[in-house]
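One-based numbering, in listed order, for ligands and for the atoms of each.
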Amino acid sequence: MNNLRVWRSSPAAASRWTISHGNLILGAAIVLTVAHNAAFWGQLLRAYPLAAANLWFQASVAACLFAVTALLLSLFDTRPFLKPALVIVFLASSGAAYFMDTYGVVIDHDMLRNAAQTNTQEVRDLLNLRFAGYVLGLGVLPSLAILFAQVRWPGSFREGLVDRSRRVGILLGVLTVSILPLGRTWASFLREHKAVRQYANPGFLAYSAVKFGLAGSEGRKGPVRHIGEDARIPATDKDRELLILVIGESARADHFSLNGYGRETNPELSRLPVVSFTNMHANATSTAVAVPMMFSPLDPSEFSVRKAQGSENLLDVLRHAGVNVLWRDNNSDSKGVADRIPYEDFKTDLNPDTEGGEPRDVGMLAGLQAYIDSHPTGDIVIVLHQMGNHGPAYYKRYPPAFERFRPVRKTSELGECSPQEIANAYDNAILYTDHFLAETIRLLERNKDRFEAGLLYTSDHGESLGEKGVYLHGMPPFMAPDEQKHVASVFWFADSFEIDTNRFRRARDLPLSHANLFHTVLGLLEIESQVYDPRKDIARLIDPSSPALAHKTN
Ligand SMILES: [Zn+2]
């Protein structure tokens, strides 16, 4: 009776519920396995459809997912850590579940790197009611339940040890019993359906976070490695080159009418003497990886962002050769590529073409003539990093005059849009890139008497627009669909260029990748250096024996 009175006198205690630490872990694991893994179950059912023959295996996968999750949570099974750890897990995992369920994306360490480098505007585009619903329902509510729980802890160290050992032992037993009898099915599942396990939540998220953390802590150790310090422009090259490199965003090759797309998405470029490469592929599917890769001499097989950050890149080689280099950015940033060269952020007041808070890519051309005029000697290379087709709010990426494909639903909840509405907004943004590139070419045209002027445009990666339920980009390259890797790429050269542009024309259908860009730029600028590999220069892929340039001798 006495106890009851105490209990009643404390409203906070009255609202609490009691649970043992072990059951809290097991309960949390059940909720995570069931409610946070819609994408995982969807993928599993795609690989192993509902049928009597698959039931045992599906049950075995469910038991394993639960056991692995419970074992992971058991790592935090101490009084000070359990509640905070569970709250962090539920909040993070609810966000991951939203992105996996909604966009079919996988949260790997590159995706986390992307997220860490995302700017506030990109975040605003991604947040919506559905996201809030996920975080509230799957994250905040369970967290509140956990915070209010009165957790029973073992009375003594010995009791705790026995209790924890017994639970871990049982969970390991569950794993063994579920896997062993179906060993062969498991082996083929892990081999043939690598993608499915990447949707396991929060297990894969935890793995990615650790991998991302380790990569970050290795950081930029020591000084940056110099490359191409021998770069020089031979005395025979008397003409000045002016190259503009446009780094596109999320533009897929098959939505360019230059490549045969059924809709007229390149009305302006198609009237200009451009070369569109129909078979250009990115070796990465996220901005944070693809952009450093485009400027790196490393082969894609040995590339890592850490290595790229620890080394100079194409722009440094140009600098060593005495080229004037400038980076203008209307995307997130240069991903470290422009760390040692002049950099201008065009998501600021610097951009005169800002509409409803959206800085337009065309704004990056403002004052560019003045920059060119203020450099009376040497070659000039200008990089323009576009906002392009950044999703999911494609409808924000173009001025109203470019809304030629209708209807467009003005929401970033792609799940609410019909495939046609998504394609319409996406294609309108391509139309605007078409215009931006044509404007850039017109600027170069005006300088062609003083310069050998050229434009090299390549998108950083492609984009999924709902094919097989996948949206956006950022899938690990080995499992990414072609839509995320097959990118738009268009070159243009003024007739003042001494190069035989037919060489590019003839290479237009060859299989090319971002790895070709490094050497193609060096070749165009006629830069001599140990780091230049003519075998990867697009101008030399066809008929490599003859010199690409009229006056070049080697
Ligand atoms: Zn990108």
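His461 pairs in a side chain to side chain donor-acceptor pair (under 3.5 Å) with only one of the listed residues (Lys485, Glu483, Glu249, Gln484), which is Glu249.
The Zn ion (ligand 1) lies under 2.8 Å from an N, O or S atom belonging to His461. Using a cut-off of 2.8 Å, one finds that Ser459 contributes no N/O/S atom close to the Zn ion (ligand 1).
Closest to the Zn ion (ligand 1) among the N, O or S atoms of Asp460 is OD2.
In plain terms, the two heavy atoms of Val105 and Tyr471 that are nearest each other are CG1-O, 3.7 Å.
No hydrogens or angles considered: a donor-acceptor pair under 3.5 Å links the side chains of Thr287 and Asp460.
Using cut-offs of 30° and 60° on the angle between ring planes, the pair His281 and His486 is parallel.
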